[in-house]
Peer 1: 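For reference, the structure I am asking about is given below.
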Amino acid sequence: MPDKKQKTDAPATPNLTHKAPNHQWPLMVGTVAAQAWMDMGTETIRFIWNRMQHDHKTQKEFLACTSLEDMQQVHAAFMFKAREQYVAETRKMIDLIGKAATAGIGVAPTARRYDDVPL
């Protein structure tokens with residue numbers, strides 16, 4: 001009589017908190033790295049899209065200017081906003097890198113310990 005096994009549609013994700021055999025570490029680290037790469041790529045595309053929209057809005061404002069003072073104000077506002085956006089994006093990327101780095105941290109079962117070397 002055939003065994004009845006339950007099917008699950010959710011893909012299996014590696015559990016990085018347990019001690020895996022050495023041959024599974026490349027797979028788990030690769031999964032973490034791929035997810036980090038995808039997260040950073042998605043964030044980069046989102047940032048570029050927002051910057052392009054901001055640039056387009058600024059171009060319209062430049063075309064509506066009637067004096068040099070108006071253009072200076074538009075340019076100053078554009079530069080201030082761009083600086084804020086780039087600083088915020090840098091923080092987001094550092095956070096993503098930090099999350100990826102901590103997600104892949106684990107101690108291999110055969111790793112050397114601090115106090116295992118005689119002096």
Side-chain angles (χ1 to χ4, degrees):
M1 183 178 248
D3 293 326
K4 293 184 181 180
K5 294 183 180 178
Q6 295 177 352
K7 290 185 178 181
T8 59
D9 293 334
T13 56
N15 181 3
L16 296 178
T17 58
H18 76 289
K19 293 183 178 182
N22 286 337
H23 66 279
Q24 291 181 355
W25 279 107
L27 174 65
M28 290 191 299
V29 171
T31 303
V32 171
Q35 183 63 44
W37 188 259
M38 196 168 22
D39 290 345
M40 290 174 62
T42 302
E43 181 58 31
T44 301
I45 290 170
R46 186 205 58 77
F47 175 72
I48 291 171
W49 176 255
N50 288 340
R51 287 293 309 146
M52 288 175 62
Q53 288 178 334
H54 187 253
D55 291 352
H56 187 260
K57 179 183 153 232
T58 303
Q59 288 176 0
K60 286 182 180 180
E61 291 174 2
F62 269 125
L63 291 173
C65 290
T66 57
S67 68
L68 183 58
E69 290 81 21
D70 290 344
M71 289 183 79
Q72 288 174 336
Q73 288 177 354
V74 169
H75 185 261
F78 170 77
M79 294 303 289
F80 182 76
K81 184 69 174 174
R83 182 186 170 280
E84 284 181 338
Q85 290 174 341
Y86 276 100
V87 168
E89 184 63 18
T90 302
R91 286 187 186 124
K92 286 180 187 177
M93 284 299 199
I94 290 172
D95 288 343
L96 287 174
I97 292 168
K99 287 177 186 176
T102 57
I105 293 176
V107 177
T110 58
R112 304 228 25 197
R113 303 293 184 257
Y114 173 74
D115 60 348
D116 69 343
V117 179
L119 297 175

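What's counted below: heavy atoms across the whole structure, side chains too, no hydrogens, waters or symmetry copies. Counting begins at 1 with the first residue of the sequence.
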Peer 1: To the nearest 0.5 Å, tell me how far Met71 CE sits from Thr66 OG1.
Peer 2: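 The OG1 atom of Thr66 is 10.5 Å from CE of Met71, to the nearest 0.5 Å.
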
Peer 1: Sorted by first residue and then second, give each salt bridge (charged side-chain N to carboxylate O under 4.0 Å, His left out) pair with at least one member in residues 60-87; sequence neighbours left out.
Peer 2: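 Of all non-adjacent pairs touching residues 60-87, those that pass salt bridge (charged side-chain N to carboxylate O under 4.0 Å, His left out) are Lys57-Glu61.
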
Peer 1: Asp55 and Arg51: salt bridge (charged side-chain N to carboxylate O under 4.0 Å, His left out), yes or no, with the steps?
Peer 2: CA-CA 6 Å; Asp55 291 352; Arg51 287 293 309 146; 3.2 Å; yes

Peer 1: If I take atom CD1 from residue Ile97 and atom OG1 from residue Thr102, how far apart are they, to the nearest 0.5 angstrom?
Peer 2: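 These two atoms lie 12.0 Å from each other.
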
Peer 1: Could you tell me the separation between the OG atom of Ser67 and the CD atom of Gln73, rounded to the nearest 0.5 Å?
Peer 2: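 The CD atom of Gln73 is 7.5 Å from OG of Ser67, to the nearest 0.5 Å.
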
Peer 1: Run the side-chain donor-acceptor check on residues 36-50: report pairs under 3.5 Å with partners two or more places apart or on a different chain.
Peer 2:
residue: Asp39; atom: OD1; partner: Gln35; partner atom: NE2; Å: 2.9
residue: Thr42; atom: OG1; partner: Met38; partner atom: O; Å: 2.9
residue: Glu43; atom: OE1; partner: Arg46; partner atom: NE; Å: 3.4
residue: Glu43; atom: OE2; partner: Arg46; partner atom: NE; Å: 3.1
residue: Glu43; atom: OE2; partner: Arg46; partner atom: NH2; Å: 2.4
residue: Thr44; atom: OG1; partner: Met40; partner atom: O; Å: 2.8
residue: Arg46; atom: NH2; partner: Glu89; partner atom: OE1; Å: 3.1

Peer 1: With sequence neighbours excluded, what pairs up with His75 under the side chain to side chain donor-acceptor pair (under 3.5 Å) test?
Peer 2: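 Here no residue qualifies.
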
